[in-house]
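The structure appears below as structure tokens.
All residue numbers refer to positions in the sequence shown, counting from 1. Values in this document were obtained by computation on a predicted structure and should not be read as measured data.
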Amino acid sequence: MKVLIINGPNLNLLGTREPEIYGTISMEDYLERLKTEFPSHELNYYQSNIEGEMINRLQEDDFDALVINPGAYTHYSYAISDCLKNIRKPKIEVHISNIYKREEFRQKSVTAANTDAVLSGFGMDGYRLAILSLK
């Protein structure tokens, strides 16, 4: 199974960005762990701080399943939400922190309705749990 993991804005700073919320491991290091745990999956990673670039990547349609952390776009990107609506493959939305324990604006996801499930608050392990749930 080809799984695309896509992260949105500021998630390129994982490992150094607010470690009390996001932890101290970079996505690149965590991705290596995932590749070791899921050798039968082809895991591809993409990160962008630019909404249109994320949409362009999603529309490449070269994956069997999607794990997406839209970052701040979760809360207001109807463009990404519309893009997700048109992807007819398994899609899991992941949030490293528990968005329901954070600021009020972070507690609303406009993208979640167009995914199959949402994982929130499991730290980086949310990505692993998402991959485990894909069929």
Problem set entry | Rounded distance (nearest 0.5 Å) linking atom OG of Ser26 with atom CG of Asn12 | 11.0 Å

Problem set entry | Check against side chain to side chain contact (heavy atoms under 4.5 Å, CB included), Arg128 and Glu37 | CA-CA 9 Å; Arg128 185 184 68 80; Glu37 184 167 346; 2.9 Å; yes

Exercise. Ignoring hydrogens and geometry, is there a side-chain-to-backbone donor-acceptor pair from His75 to Lys108 under 3.5 Å?
Worked result: yes

Exercise. Is there side-chain contact between Ile5 and Gln47, with heavy atoms separated by less than 4.5 Å?
Worked result: no

For this session: Measure the CG-CD1 distance between Leu58 and Ile87 for me, rounded to the nearest 0.5 Å.
Result: 4.5 Å

Exercise. Going hydrophobic residue to hydrophobic residue with side-chain gaps under 4.5 angstrom, can you get from Leu132 over to Ile68?
Worked result: no

Exercise. What distance separates Lys85 NZ from Arg88 CZ, expressed to the nearest 0.5 Å?
Worked result: 9.0 Å

Problem set entry | Any Tyr22 side-chain heavy atom under 4.5 Å of Thr16 side chain | no

Exercise. Gln59 and Asp61: side-chain donor and acceptor closer than 3.5 Å?
Worked result: no

Exercise. How about His95 and Leu119: do any of their side-chain heavy atoms sit closer than 4.5 Å?
Worked result: no

Exercise. Given the rule that I, L, V, M, F, W and Y join up when any side-chain heavy atoms are under 4.5 Å apart, are Phe63 and Leu43 in one cluster?
Worked result: no

Exercise. Which heavy atom of Ser48 sits nearest a heavy atom of Ile50, and at what distance?
Worked result: OG-N, 2.9 Å

For this session: Give a yes or no answer on whether the side chain of Ser77 reaches the backbone of Thr74 with a donor-acceptor pair at less than 3.5 Å.
Result: no

Problem set entry | Atom CZ of Phe122 with >12 non-hydrogen neighbours under 6.0 angstrom | no

Problem set entry | Shortest non-hydrogen separation from Leu4 to Arg57 and the atoms involved | CD1-NH2, 3.6 Å

Exercise. Which heavy-atom pair separates Ala72 from Pro9 by the least distance, and what is that distance?
Worked result: N-CG, 4.3 Å

Exercise. Linking I/L/V/M/F/W/Y whenever their side-chain heavy atoms sit closer than 4.5 Å, directly or via other members, would Ile99 and Leu13 fall into one cluster?
Worked result: no

For this session: Using side-chain hydrogen bond (donor to acceptor under 3.5 Å, both in side chains) as the criterion, list what pairs up with Ser120, not counting sequence neighbours.
Result: none

For this session: Check whether any side-chain heavy atom of Asn69 lies under 4.5 Å from a side-chain heavy atom of Leu11, and answer yes or no.
Result: yes

Problem set entry | Heavy-atom closest contact (Val110 atom, Ser81 atom, distance) | O-OG, 2.9 Å

Seminar exercise, completed: One should read off an interatomic distance between Asp82 CG and Asn86 CG, to the nearest 0.5 angstrom, of 7.5 Å

Problem set entry | Value rounded to 0.5 Å, distance of CD in Glu18 from CD1 in Ile96 | 11.0 Å

Problem set entry | Enclosure of Lys89 NZ (heavy-atom neighbours >12, cutoff 6.0 Å) | yes

Exercise. Between Val67 and Ile6, is any pair of side-chain heavy atoms under 4.5 Å apart?
Worked result: no

Seminar exercise, completed: In short, Pro70 meets Glu93 closest at the heavy-atom pair CD-CG, 4.1 Å

For this session: Could you tell me whether the side chain of Asp64 and the main chain of Lys2 form a donor-acceptor pair under 3.5 Å?
Result: yes

Problem set entry | Single-linkage hydrophobic cluster, 4.5 Å side-chain cutoff, Leu34 and Leu14 together | yes

Exercise. Taking the six-membered ring for Trp, are Tyr127 and Tyr30 parallel (under 30°), tilted (30 to 60°) or perpendicular (over 60°)?
Worked result: tilted

Exercise. Heavy atoms, side chains only, cut-off 4.5 Å: are Leu134 and Ile92 in contact?
Worked result: yes

Exercise. Any side-chain donor-acceptor pair under 3.5 Å between Asn7 and Tyr45?
Worked result: yes

Problem set entry | Phe38 reachable from Val94 in the ILVMFWY side-chain graph, under 4.5 Å edges | yes

Exercise. Cut-off 3.5 Å, side chains only: do Glu51 and Asn49 have a donor facing an acceptor?
Worked result: no

For this session: Check whether any side-chain heavy atom of Leu31 sits under 4.5 Å from a side-chain heavy atom of Lys35, and report yes or no.
Result: yes

Exercise. Does CD in Glu104 sit with more than 12 non-hydrogen atoms of other residues, nucleotides or ligands closer than 6.0 Å?
Worked result: no

